[in-house]
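No experiment lies behind these values; they were computed from the predicted model shown. As a basis for the values below, the full set of heavy atoms in this structure was taken, side chains included, without hydrogen atoms, waters or symmetry mates.
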Amino acid sequence: MNALRAARFALRAKPINSVARRTYADAAGPADKIRLSLTVPHQAIYKASDVIQVNIPAESGDMGILANHVASVEQLRPGIIDIIEEGTGNKQFFLSGGFAVVQPDSQLSINAVEAYAIEDFSPENVRALLAEAQKIANGSGSEQDVAEAKIEVEVLETLQAALK
């Protein structure tokens, strides 16, 4: 019986050295990449593709995600996602919102309702749509129309700023 008590005491007295530490990501080196999956309901724009960095418009603030980034789940606001690829430069997409999930093994999954290449937008069309939405948002419509127009104004202002 004494041996059992001694074993229990030894278990309790054992120091715990395996403490997980939360740290910032290191700058990406040549071999450090993040595996990106960017999907919308009807297609996969990126499917487990290796990229250097991804900049996202999170609700908590803009974030740059590199390899070995701390794991997190972020809600995305309407804005520009900037994907930095090795050799080919940057690709930019406008997202209407969604979620980004950073896994501890350098994987990033972005699920968005809508995502369009930034070069597909016409600055003139955005300006025209913004003017129309601002008229409705300033009170010329039902309560629901005004609420929808305010959301539309927010999205179009973000898009207009990105196109400059």
To the nearest 0.5 Å, what is the distance between [atom1] ([X]) and [atom2] ([Y])?
X: R127; Y: L159; atom1: CZ; atom2: CG; result: 11.5 Å
X: L66; Y: N55; atom1: CG; atom2: CG; result: 8.0 Å
X: L95; Y: T158; atom1: CG; atom2: OG1; result: 11.5 Å
X: D50; Y: D32; atom1: CG; atom2: CG; result: 11.0 Å
X: I56; Y: L76; atom1: CD1; atom2: CG; result: 5.0 Å
X: L36; Y: S106; atom1: CG; atom2: OG; result: 12.0 Å

- Task: Give the C-alpha distance, both sets of side-chain angles, the deciding distance and a yes or no for side chain to side chain contact (heavy atoms under 4.5 Å, CB included) between F94 and I81.
- Result: CA-CA 6 Å; F94 182 79; I81 180 173; over 6 Å; no
- Query: Around atom CD of Q92, are there more than 12 heavy atoms of other residues, nucleotides or ligands at under 6.0 Å?
  - Reply: yes
- Note on the structure: In terms of heavy-atom contacts, I34 and V54 come closest through CG2-CG2, 4.4 Å
- If you take all heavy atoms of A149 and A137, which pair is closest and at what distance? CB-N, 3.6 Å
- Please lay out, stage by stage, how V153 and L130 fare under the test side chain to side chain contact (heavy atoms under 4.5 Å, CB included). CA-CA 6 Å; V153 166; L130 181 58; 4.1 Å; yes
Could you list the donor-acceptor pairs under 3.5 angstrom formed by side chains in residues 108-116, with sequence neighbours left out?
| unit_1 | atom_1 | unit_2 | atom_2 | d |
| --- | --- | --- | --- | --- |
| N111 | OD1 | T39 | OG1 | 2.7 |

Under 3.5 Å, side-chain donor or acceptor atoms of residues 40-47 against the rest of the protein: list the pairs with distances, not counting sequence neighbours.
| unit_1 | atom_1 | unit_2 | atom_2 | d |
| --- | --- | --- | --- | --- |
| Y46 | OH | E85 | OE2 | 2.6 |

- Query: Looking just at side-chain N and O atoms, do S122 and E124 make a donor-acceptor pair shorter than 3.5 Å?
  - Reply: yes
Set of side chain to side chain contact (heavy atoms under 4.5 Å, CB included) partners for [X], sequence neighbours left out:
X: E143; result: none
X: Q107; result: R35, Q103, D105
X: A162; result: I80, I118
X: A117; result: F93, E119, D120

- Item | Under the salt bridge (Lys or Arg N to Asp or Glu O under 4.0 Å) test, residues paired with D145 that sit two or more places apart | none
- Query: With sequence neighbours excluded, what pairs up with E59 under the salt bridge (Lys or Arg N to Asp or Glu O under 4.0 Å) test?
  - Reply: none
- Item | Selection residues 64-84 - residue pairs positive for salt bridge (charged side-chain N to carboxylate O under 4.0 Å, His left out), sequence neighbours left out | D62-R77
- Query: Is it true that V102 and M63 fall in one hydrophobic cluster, defined by side-chain heavy atoms closer than 4.5 Å?
  - Reply: yes
- Task: List for me each residue that meets side chain to side chain donor-acceptor pair (under 3.5 Å) alongside N138, sequence neighbours excluded, and say none if there are none.
- Result: none
- Query: Any donor and acceptor pair, going by atom type alone, linking the side chain of S37 with main-chain N or O of A48 inside 3.5 Å?
  - Reply: yes
- Would you say the side-chain atoms of S96 pair up with the backbone N or O of P78, donor to acceptor, closer than 3.5 Å? no
- Query: Taking it one step at a time, do E132 and E152 satisfy side chain to side chain contact (heavy atoms under 4.5 Å, CB included)?
  - Reply: CA-CA 10 Å; E132 185 180 318; E152 193 173 344; over 6 Å; no
